[in-house]
There are 2 protein chains.
Amino acid sequence: MKSLIENITAIQVESPVDKIIGQLKQLIISGQLKPGDRLPAERVLSERFGLGRSYIREAILKLEFYGLLKTNPQSGTYVAGLSINVIDNIISDIIKFNKDDFNALIEARYHLELNAVKLAAERRSEEDLESLRLAMEAYENKVGAGGDAVEEDMVFHIKIAKATKNSVIESMILILVPDLIKNIVENKICGDNRAKTAIEEHRMIYAAIESQDMAKAEEAMAGHLDEIWQISKAGFAAQSIINETER
Amino acid sequence: MKSLIENITAIQVESPVDKIIGQLKQLIISGQLKPGDRLPAERVLSERFGLGRSYIREAILKLEFYGLLKTNPQSGTYVAGLSINVIDNIISDIIKFNKDDFNALIEARYHLELNAVKLAAERRSEEDLESLRLAMEAYENKVGAGGDAVEEDMVFHIKIAKATKNSVIESMILILVPDLIKNIVENKICGDNRAKTAIEEHRMIYAAIESQDMAKAEEAMAGHLDEIWQISKAGFAAQSIINETER
DNA sequence: ACCAATTAATTGGTTTACCAAAAATAAACA
DNA sequence: TGTTTATTTTTGGTAAACCAATTAATTGGT
């Protein structure tokens with residue numbers, strides 16, 4: 001017999017905004033709302049959905065962030081000129097944009113940073129180099145003082161992201177960093193002497209960026225991230241096995 | 001003498017929420033708000049900043065999305081346990097997460113998709129393969145009918161993203177897609193017969209994913225994205241020259 | 001019938017008021 | 001004095017009200 005705790009199912013709290021997003025999706029798919037159309041006024045939607053206007057606005061805000069709606073003050077909110085195909089595909093997954101899948105997080109970070117470090121090596125300015133060096137030294141000092149320098153490590157990586165001169169890639173890494181930190185410190189992923197070996201890796205990365213050697217930069221970064229990447233790879237492999245079994 | 005139009009500076013409308021975010025950042029940096037602390041109540045912030053509570057909530061919402069705050073209902077909003085270093089670095093750039101840098105968009109997409117297609121080839125399920133085929137056929141039909149199948153193209157790529165089984169990477173691609181579509185159709189980037197040559201490229205990508213050949217998948221995708229990638233590369237090169245000149 | 005100007009209605013932006021759940025405090029009891 | 005129970009205050013969640021700008025409608029004149 002199963003224990004009690006196993007029967008406790010995660011309470012799914014479909015928030016009001018998610019409901020609204022789902023409803024809007026239905027409106028679009030059913031053809032009542034064609035791309036390019038103007039949405040009903042917020043008040044109307046509020047009444048129609050039986051929810052306060054605050055929620056409507058919040059939902060619109062979210063959809064706007066994803067580029068699916070565009071609201072013009074004093075005029076109305078409009079559906080992006082995208083075909084139903086695209087909108088449907090995207091809306092379905094907006095709600096579940098959760099960053100709590102640790103393996104996915106690590107993997108995304110791995111690939112992003114590998115690309116980023118190459119771009120950084122190619123495009124870094126002298127200012128980038130300077131702030132990168134500062135971040136590196138801050139990390140080394142923290143490690144020398146005996147603290148866990150996870151956050152200083154992240155700052156180092158943020159600086160690299162900044163040096164790419166690509167605001168989109170930078171933003172993506174920025175979004176991932178807090179969650180990475182949270183998970184890493186919670187799970188104490190890396191061994192104790194990891195911090196010290198990382199110092200040398202950082203210096204290699206820095207040197208490669210300084211000399212604008214893209215290949216060497218990528219190699220150094222791959223080495224730096226390898227240990228933690230292995231964890232995510234193992235995670236995905238395990239997931240794959242589970243899926244096979246279920247089939 | 002400069003013409004009139006050149007003197008018209010872009011009106012910078014620092015939205016209320018951005019102001020609030022900046023203020024909160026100051027509170028944290030100045031030490032009045034240490035990581036882990038509870039924020040003042042929304043009402044208090046509202047009064048202190050001289051702005052409505054809606055704006056406070058919106059700002060908190062945004063900061064929460066970035067993992068910098070955590071709000072517990074009926075209890076309070078708390079600053080994530082990150083060091084000031086990290087928070088400062090991130091908040092500074094949150095506001096400028098705008099996806100209107102076309103070159104950055106293209107470049108980010110290029111790298112993301114190259115990684116994604118490899119993962120998709122490795123992990124695709126039979127269901128993935130099926131929906132991918134469907135999307136591919138929809139594209140071919142649209143092209144055959146003479147339409148610009150930009151959106152159908154994007155759906156094809158979304159399906160690939162889904163096959164990665166990595167929710168983070170999928171979400172990132174999802175976020176970029178609407179902006180990519182907007183820019184591509186606006187600028188009519190690709191030549192007229194591009195759509196037809198793309199059909200063959202899609203089939204190559206599909207075949208590679210089907211046979212789970214990661215290397216071939218990446219190669220095919222690189223070929224598929226090459227033309228548009230060249231545009232972004234040229235853009236960044238131009239930017240680089242400008243920076244050199246300014247120095 | 002057509003056009004211009006004025007008025008009325010509608011829009012999203014913003015603030016305020018109200019609510020139930022938590023937390024903190026006070027009071028009552030052992 | 002220590003603990004438990006009421007009670008009050010504070011919290012974020014929610015809904016409604018107000019505002020200025022915009023748009024649609026109406027009106028009056030031609």
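In the text below, chain A, chain B and the rest are named by the order of the sequence lines, each starting its count at 1. For clarity, every value in this text was computed on a predicted model and none was experimentally measured.
Counting non-hydrogen atoms under 4.0 angstrom, A:Ser54 reaches a base of the nucleic acid. When heavy atoms are screened at a 4.0 angstrom cut-off, B:Ser46 is found touching no nucleic acid atom at all.
For the pair A:Glu42 CD and D:dA17 P, the computed distance is 16 Å after rounding to whole Å. In this structure, the CG atom of A:Leu39 is 8 Å from the P atom of C:dG12, given to the nearest Å. In this structure, B:Phe49 atom CZ and C:dT16 atom C1' are separated by 19 Å, rounded to whole Å. Rounded to whole angstrom, the span from the CG atom of A:Leu45 across to the C1' atom of C:dG12 amounts to 12 Å. Distance, B:Ile60 CD1 to D:dG12 C1': 9 Å, rounded to whole Å. A:Glu58 places its CD atom 12 Å from the C1' atom of D:dG12, with the value rounded to the nearest Å. Atom CZ of B:Arg38 and atom C1' of D:dT11 are 8 Å apart (whole Å).
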Open item on the list: Can you give me the dot-bracket string for DNA chain D, 5' to 3', counting Watson-Crick and G-U wobble pairs with both distances under 3.5 Å, using [ ] for crossing pairs and | for partners on another strand?
Closed with: ||||||||||||||||||||||||||||||
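Classification of the B:Phe65-A:Phe65 ring pair by plane angle, with boundaries at 30° and 60°, yields perpendicular.
Of the two residues near DNA chain D, A:Gly52 and A:Ser75, the one whose nearest nucleotide lies more 5' is A:Gly52.
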- [ ] Start with the C-alpha distance between A:Leu61 and B:Lys62, add both sets of side-chain angles, then the distance that settles side-chain contact (heavy atoms from CB on, under 4.5 Å), and finish with yes or no.
- [x] CA-CA 10 Å; A:Leu61 212 72; B:Lys62 220 167 178 176; over 6 Å; no
TODO: For B:Asp88 and B:Ile28, run side-chain contact (heavy atoms from CB on, under 4.5 Å): C-alpha distance rounded to whole Å, both residues' side-chain angles, the deciding distance at 0.1 Å, then the answer.
DONE: CA-CA 8 Å; B:Asp88 184 21; B:Ile28 294 175; over 6 Å; no
- [ ] Decide yes or no on side-chain contact (heavy atoms from CB on, under 4.5 Å) for A:Ile158 and B:Ile90, but give the supporting numbers first.
- [x] CA-CA 8 Å; A:Ile158 288 176; B:Ile90 294 177; 4.1 Å; yes
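Salt-bridge annotation for A:Arg123 and A:Glu170: absent, with no side-chain N of the basic residue lying under 4.0 Å from a carboxylate O of the acidic one. At a threshold of 4.0 Å, the pair B:Asp153-B:Lys142 does not count as salt-bridged, since none of the basic side-chain nitrogens sits closer than that to a carboxylate oxygen.
Here the closest non-hydrogen pair linking A:Lys159 and A:Ala135 is CG-CB, 4.0 Å.
Distance check, rounded to the nearest 0.5 Å: CG of B:Leu105 to CG of B:Leu180 gives 4.5 Å.
Every residue meeting the side chain to side chain contact (heavy atoms under 4.5 Å, CB included) condition with A:Asn115, not counting sequence neighbours, appears here in chain and number order: A:Lys118, B:His111, B:Asn115.
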Produce the list of close N/O pairs, under 3.5 Å, pairing protein atoms with atoms of nucleotides 18-21 of chain D; give distances to one decimal.
| from | atom 1 | to | atom 2 | distance (Å) |
| --- | --- | --- | --- | --- |
| D:dC18 | N4 | A:Arg43 | NH2 | 3.0 |

